[in-house]
Structure formats: structure tokens, C-alpha cells
Protein chains: 2
Amino acid sequence: MSVHEKMNYETKQAIKKALLTQIEEVGFQRVTVKNLALTAKINRGTFYLHYADKFEVMEDLQQELLNALQSYIEKVQPVEAFHTLQTGQLYHPFIVVIQFIKEHAKAFRIILSEQGSPTFSKKMKDVFSNHILKNLTLSQTEVLDPIFEKYLQAFITSAILGVIQEWLEGEDADLSVEEMATIHLRIVRFISNLSDL
Amino acid sequence: MSVHEKMNYETKQAIKKALLTQIEEVGFQRVTVKNLALTAKINRGTFYLHYADKFEVMEDLQQELLNALQSYIEKVQPVEAFHTLQTGQLYHPFIVVIQFIKEHAKAFRIILSEQGSPTFSKKMKDVFSNHILKNLTLSQTEVLDPIFEKYLQAFITSAILGVIQEWLEGEDADLSVEEMATIHLRIVRFISNLSDL
DNA sequence: CAGTATACTCAACACGTTGTTCAGTAAAGG
DNA sequence: CCTTTACTGAACAACGTGTTGAGTATACTG
């Protein structure tokens, strides 16, 4: 177990970068601490000064991405987003979210991929739920059946994530950030209209 | 590597069952061949007569579920399903699909879960794509933009799987098989109407 | 400038898991 | 009755793990 508290920031980053490289090569399941240290060009002993095991590195890496994602998503105001969409404009705070994902496309793709971590999808969906959906349901006049709302939530967050994953898997991101943002806003607006589902 | 070809069916089943038990206890990542053999009450050497490693067991288990799922989904005729839905009836072949998932709820839940395999979600989506969507797009008069269709496919398959996962995670499946089937048919009918997305 | 703290290296350790091998056995079937 | 089939049990080297203790290079501090 890691006892030290104050350690070099760069080394941790090198280990996280090494994890991504290794996942891409052999899949998370087959990643070893030995190869992680080798790839990060540090001593294996040094690894244990920073992390207890490869799972802890994965946790750290995921949290890093999720915290940033959340901070950008918090700035999105769904109601405003719809307004700008209906006037044919692009809503900037949402563009920023998609832009962030594109900038970290490699990391997102690897962690979300078949070789990655099954927990990450769920965590991303939770980030979506906690902001976009909260705003949506609050802005609705009628109160929905709680059970139905649960499934509606699963429906929309899964759909959004599914589209993002498809986007990330396209080698050179066949759609631009702006096109992606438009698709997502259409999806969310679409769902918000579905009183008949 | 497993060299033998003819082996006892029950032993393989015992190993697969042990895998599910072990995943539930410690997560797939921490499953060992040793504990697999222990749980299945077989000799560790016997394990290697059937599988090369735990990944091969997982593959086998997944294929077993996917093949059965596919065979049931093939019997679903989306067009007929909509017709019966519009007359307020339940479309039986679709009920059978949901019924199958419920019967194997534990296996699906564990493999889809946070402790499970990230590849399985994708494989399930593929099964959905290859049947329901093929039928849907074929029955449509207008041909869609291929890129848009790709994202539409990601959208609907992710949404369906997301709802199923939500259903499986609910301890005692808060919705009946019939209610689940209705929700899914509504989703699919809903998507098929979305010319404005 | 000497002294100390920090971050890391290096080698070694016991331990557990892996994958393979080979001799042995229990049961079923021709 | 004897062979085949499916499995057991024990042993093996090889490898990864997590920890330890001694050592080093660099930066900071009084």
C-alpha cells in the first residue's frame, strides 16, 4: 500500500499515460504493474510509492476525466441550449463539452472500449444524469411516474453515450465538433418532447 | 493450451457457472483459474483440458447467451410488432425475447455489470442492430444519410440496452416482462417516427 | 555551505498464480 | 476384459506481486 503522501506529479502522469498505452496494446485485463513501470520508465518499486495496484491508476485516470467533464457540463443550461438551437445557432457551452471530449478522444475511446473498464460507462452516464436530466425534468410542468422516469433516464443517458462512443470509434471523427453538438441537442430536445412514450 | 477435443459437457457448464459466481464475488479482473477450479470442484489441471484461460470461459459464456438471444430476436418481425402494439395487444415473439433475458437475468446482470466484461455490451448491441434495425430501415421508404444512420443505430441500440440494464439492476425487476416489452416497443416505434431528428 | 528532506533506484525476498507434464484412477462401453 | 474417456494429484519452472532496506541524486533550507 502506498504510504508516502507527497510525490512528484509528473511520475503519476507518466504512469497514467503508460496505462493508456498498455490498455491499447494488451487490454486492461492483461496490464501488469511490471510493464506499467517499464513503459513509464520508472522503477517498479516507484510505482508502489504512487499506487497500490493498476486498479488505483485506472480510478485516478477516470476521475481526472470525469471531473473535467462534469465542470464543463455544469455550465450547460438545457433551456438556453434549446432556444439557440431553434434559432439555428450553436450553443457554446455545449460545444465546449464536445470539444473537451474530442481533445481527450484517445483516453475516452480506450477506457470506453472493449479493452477498457466497464465502470466508466456508468460513471459517464451518471454525470449526464446529474445535470442535463435534472434540468430537463425540473423544467417540465407535469410530474412523471418515478419508475417511468428511471427508465427514461437510462434511455437518454445510454443513447447519448452510445452516440459519443460511435463518434469516438470513427477513426478521424467523421463529424465535426459542431455537427456532434447539433446531433446531441436534437436528441435531447427530441426526448424532452416525448410525452407519448 | 487445450488439446483435447471431446470432453464432458457438465464440466464446462460447471466452470462457466463458477465464473459467474466468482465474478459476482471478486470481479472478473480478480478471478483466478485456481479459484475457478476450486469453485467448480474440479482439479486445476482439468480446467486446462477445457479452456486456455479465464478469457476463453468468458467468451464461451457470452456466446452461449448471445446465440440464444439472437435466435429469439430473429423471430421478431418489427412491422407486425407495431401493428399489434397499435391495437393495444402484446406481440408474442417479443415477449419471448424479454422472457429469455429475465430467465437469465443473473448472468446478463453480472456480465453487463461493472465487474463484468466491456465487450458484452457491444456484442448485444450488434445482435440488436443486425435484426431489428435492419428490418426497420428496410421498411422505410426514404433512404437515410449513411452517416446519420450509423449514429441513429448507435442511438437506438444503446438506448435499448440501457433500458434493459436498468431493468436488470432493479433487484426484483420492478416491471413485469409484459411491461418491459411494451416500453421497448414504444421506444422502437418512437424512433421509427423520428424523421425530424 | 553543510545538512536534511524528497523522489526515486536497485536488488532481494517470500509468496501466489500460471501453464504444463506425467503417472494414476474410476467408470462406461464395445 | 480391456480399452477409452474424463478426470485427479503432484510436481515443475516461470513469472508477477508487494514489500523491504540500503543507496543516490537533486533541491531546499537555515
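In the text below, chain A, chain B and the rest are named by the order of the sequence lines, each starting its count at 1.
- As a whole-Å value, the separation of L49(A) CG from dG18(D) P is 14 Å.
- Between the side chain of R44(B) and the base of dG19(C), at least one donor-acceptor pair of N or O atoms lies under 3.5 Å.
- Whole-Å rounding puts the I15(B) CD1 to dA6(D) C1' distance at 12 Å.
- Checking dG16(D), dT18(C), dC10(C) against the side-chain heavy atoms of T32(A) singles out dG16(D) as nearest.
- Residue V33(A) has its side chain nearest to dT17(D) when only dT8(D), dT9(C), dT17(D) are considered.
- If you measure from atom CG of L38(A) to atom C1' of dT17(D), you get 16 Å, rounded to the nearest angstrom.
- Note: NZ (K34(B)) to P (dA11(D)) measures 15 Å, nearest angstrom.
- Without hydrogens or angle criteria, K16(B) side chain to Q62(B) main chain gives no donor-acceptor distance under 3.5 Å.
- Of the candidate nucleotides dT17(D), dG18(D), dG19(C), dG19(C) has the atom lying nearest to any side-chain atom of D53(B).
- Closest to the side chain of I42(A), out of dT9(C), dG16(D), dT8(D), is dT9(C).
- For the pair H50(B) NE2 and dG19(C) P, the computed distance is 16 Å after rounding to whole Å.
- Mapping G45(A) and G45(B) onto DNA chain D via the closest heavy atom, the residue that lands nearer the 5' end is G45(B).
- Not one side-chain nitrogen or oxygen of Y48(B) sits closer than 4.0 Å to the OP1 or OP2 atom of dT20(C).
- Ion pairing between K150(B) and E169(A) fails under the 4.0 Å rule for side-chain N and carboxylate O.
- Here the P atom of nucleotide dG18(D) and the CD atom of E56(A) are 11 Å apart, to the nearest Å.
- If you take CZ of F47(A) and P of dT19(D), they are 11 Å apart, rounded to a whole angstrom.
- Residue contacts for T46(B): at a heavy-atom cut-off of 4.0 Å it reaches a base atom on one of the strands shown.
- Looking at Q70(A) and H131(A), their side chains do bring a donor and an acceptor atom within 3.5 Å of each other.
- Checked by atom type and distance alone, the side chain of S158(B) never pairs as donor or acceptor with a backbone atom of F155(B) at under 3.5 Å.
- The separation between E10(A) atom CD and dA27(D) atom P is 13 Å, rounded to whole Å.
- With hydrogens and angles disregarded, no donor-acceptor distance shorter than 3.5 Å links the side chain of K102(B) to the backbone of V177(B).
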